[in-house]
Amino acid sequence: MAYLLSTENFSKMSELVYRRSGILLQNEKHFEKLAKFIDARALTLGLDSFRKYFYKLRFDDNDESEFQELMNAITVNETYFYREKDQFEVLVNNVLPELDTNTKDLRPLRILSAPCSSGEEAYSIILHILEEGVVVEKRDIEVVGIDIDSTVIKKAIQGSFSERSVHAIPKNILAKWFKKRSLSYDIHENLRGTIDFKVANVFDKIQMRKLGKFDVIFSRNMMIYFDDESRKQVAMTFYDMLNPGGYVLLGHAEYMSRIVSVFNAKKIDTTLIYQK
Ligand SMILES: C[S@@+](CC[C@H](N)C(=O)[O-])C[C@H]1O[C@@H](n2cnc3c(N)ncnc32)[C@H](O)[C@@H]1O
């Protein structure tokens, strides 16, 4: 099967994807998926060569809708509720009580899930706060979820999840906060709309600045797709976005000490957290 994409042009595409999203594409892993995607887009757009598609993407995409199509096609959105659950426990048992004590004014504490994929991480934060957190009784907490992929953000806003996605939620909590439909579990109407979900790219400094300052940033299982230079950039963006004393939590396989040295690492049981 002949694709519009050639090996040489794959390098041009991967360079553009890397520069704009931090995501590293590898020929062996991603060529076929990308080639099929470009053929499908070219057909939809009435373009008959890679050169025309690439021109459209680079120079004729003012609203970035073509770039958005590309991002939606290449991102890996794997996620589920209560993934790496010990971090949510550390959030409600250690991090939030400490932040509550140390921030004297009664402003809301703000938590960012970046990336949130289809929302499971951000809702897991809310569910832990509601079910186990004492801080919530005295203080407003705001949760914001962002992802570069607009299809997952749409799903997050809809709040309708698959059996696989909810499999790790304890049965009593599932029964309390979800409505079982024939093919899905829908989040309770009292929770729908409590999280501010937005499409945003962590490399877009303007979008990041607009989100404001946070007390806690969850950034799990995204930087594994980046190289060291991109990880460093994102870590410093998060540093700037945190209030003094705020925390970053990374995925289990990710270590801030290998990225930047500006955070103080703390170990609570087996969980590492990083303080500004
Ligand atoms: C594997 S999911 C992780 C979701 C969740 N944090 C978790 O651990 O379950 C990775 C997400 O990172 C998002 N992503 C990749 N590059 C991004 C970028 N530059 N800005 C924002 N999100 C990005 C992808 O769209 C994808 O949904």
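Whatever order the structure lists them in is the order used to number ligands and atoms, beginning at 1.
Within the 4.0 Å heavy-atom criterion, the part of Phe203 lying near ligand 1 is the side chain and not the backbone.
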Could you walk me through whether Lys85 and His128 pass side chain to side chain donor-acceptor pair (under 3.5 Å), step by step? CA-CA 10 Å; Lys85 177 176 166 32; His128 277 82; 3.0 Å; yes
(request) Quick one: do Ser230 and Asp227 satisfy side chain to side chain donor-acceptor pair (under 3.5 Å)? Show the steps, please. (result) CA-CA 6 Å; Ser230 305; Asp227 68 357; 2.9 Å; yes
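Within ligand 1, counting atoms from 1 as listed, the ones closer than 4.0 Å to a heavy atom of Arg220 are 3 (C), 5 (C), 6 (N), 7 (C), 8 (O). Residue Thr75 approaches ligand 1 through these ligand atoms, each under 4.0 Å from one of its heavy atoms: 24 (C), 25 (O). Per-residue contacts place Thr79 under 4.0 angstrom from the following atoms of ligand 1 (heavy atoms of the residue considered): 5 (C), 7 (C), 9 (O). If you number the atoms of ligand 1 from 1 as listed, the ones under 4.0 Å from a heavy atom of Ile23 come out as 15 (C), 16 (N). Residue Asp149 approaches ligand 1 through these ligand atoms, each under 4.0 Å from one of its heavy atoms: 25 (O). Those atoms of ligand 1 that come under 4.0 Å of a heavy atom in Glu121, given as number and element, are 5 (C), 6 (N), 7 (C), 8 (O).
Among Val202, Ile74, Val76, Asn201, the residue whose heavy atom lies closest to atom 2 (S) of ligand 1 is Val76.
Glu66 contributes no side-chain N or O that, together with a main-chain N or O of Asp61, makes up a donor-acceptor pair within less than 3.5 Å.
Sparse packing is recorded around NZ of Lys232, with 12 or fewer heavy atoms of other residues, nucleotides or ligands lying under 6.0 Å away. Other residues, nucleotides and ligands place more than 12 heavy atoms under 6.0 Å from the CD atom of Glu98. Counting heavy atoms of neighbouring residues, nucleotides and ligands inside a 6.0 Å radius, atom NZ of Lys213 exceeds 12 of them.
For atom 11 (C) of ligand 1, the closest non-hydrogen atom on the protein side is Pro115 CG, 3.5 Å. The nearest heavy-atom contact from the protein to atom 25 (O) of ligand 1 is Asp147 OD1, 2.5 Å. If you check which protein heavy atom lies closest to atom 8 (O) of ligand 1, you get Asn221 ND2, 2.8 Å. Ser117 CB, 3.7 Å is the protein heavy atom nearest to atom 4 (C) of ligand 1. The single protein non-hydrogen atom nearest to atom 14 (N) of ligand 1 is Ile148 CG2, 3.8 Å, given as residue, atom name and distance. The nearest heavy-atom contact from the protein to atom 7 (C) of ligand 1 is Arg83 NH1, 3.3 Å.
Salt bridge present: Arg139 and Asp100 bring a charged side-chain N and a carboxylate O closer than 4.0 Å. With respect to the salt-bridge test (charged N to carboxylate O, under 4.0 angstrom), the residues Asp186 and Lys179 do not qualify.
Close N/O approach between Asn77 and ligand 1 is found [any backbone or side-chain N/O within under 3.5 Å].
The closest approach between Ser21 and ligand 1 falls below 4.0 Å for a heavy atom of the residue. The shortest separation from a heavy atom of Ala200 to ligand 1 is under 4.0 Å, placing the residue in contact.
From Thr75, atom OG1 reaches atom CG of Leu70 across 9.5 Å, with rounding to the nearest 0.5 Å. Here CD of Gln207 is found 8.0 Å from CD1 of Ile148. Values are rounded to the nearest 0.5 Å.
A donor-acceptor contact closer than 3.5 angstrom links the side chains of Lys266 and Tyr247.
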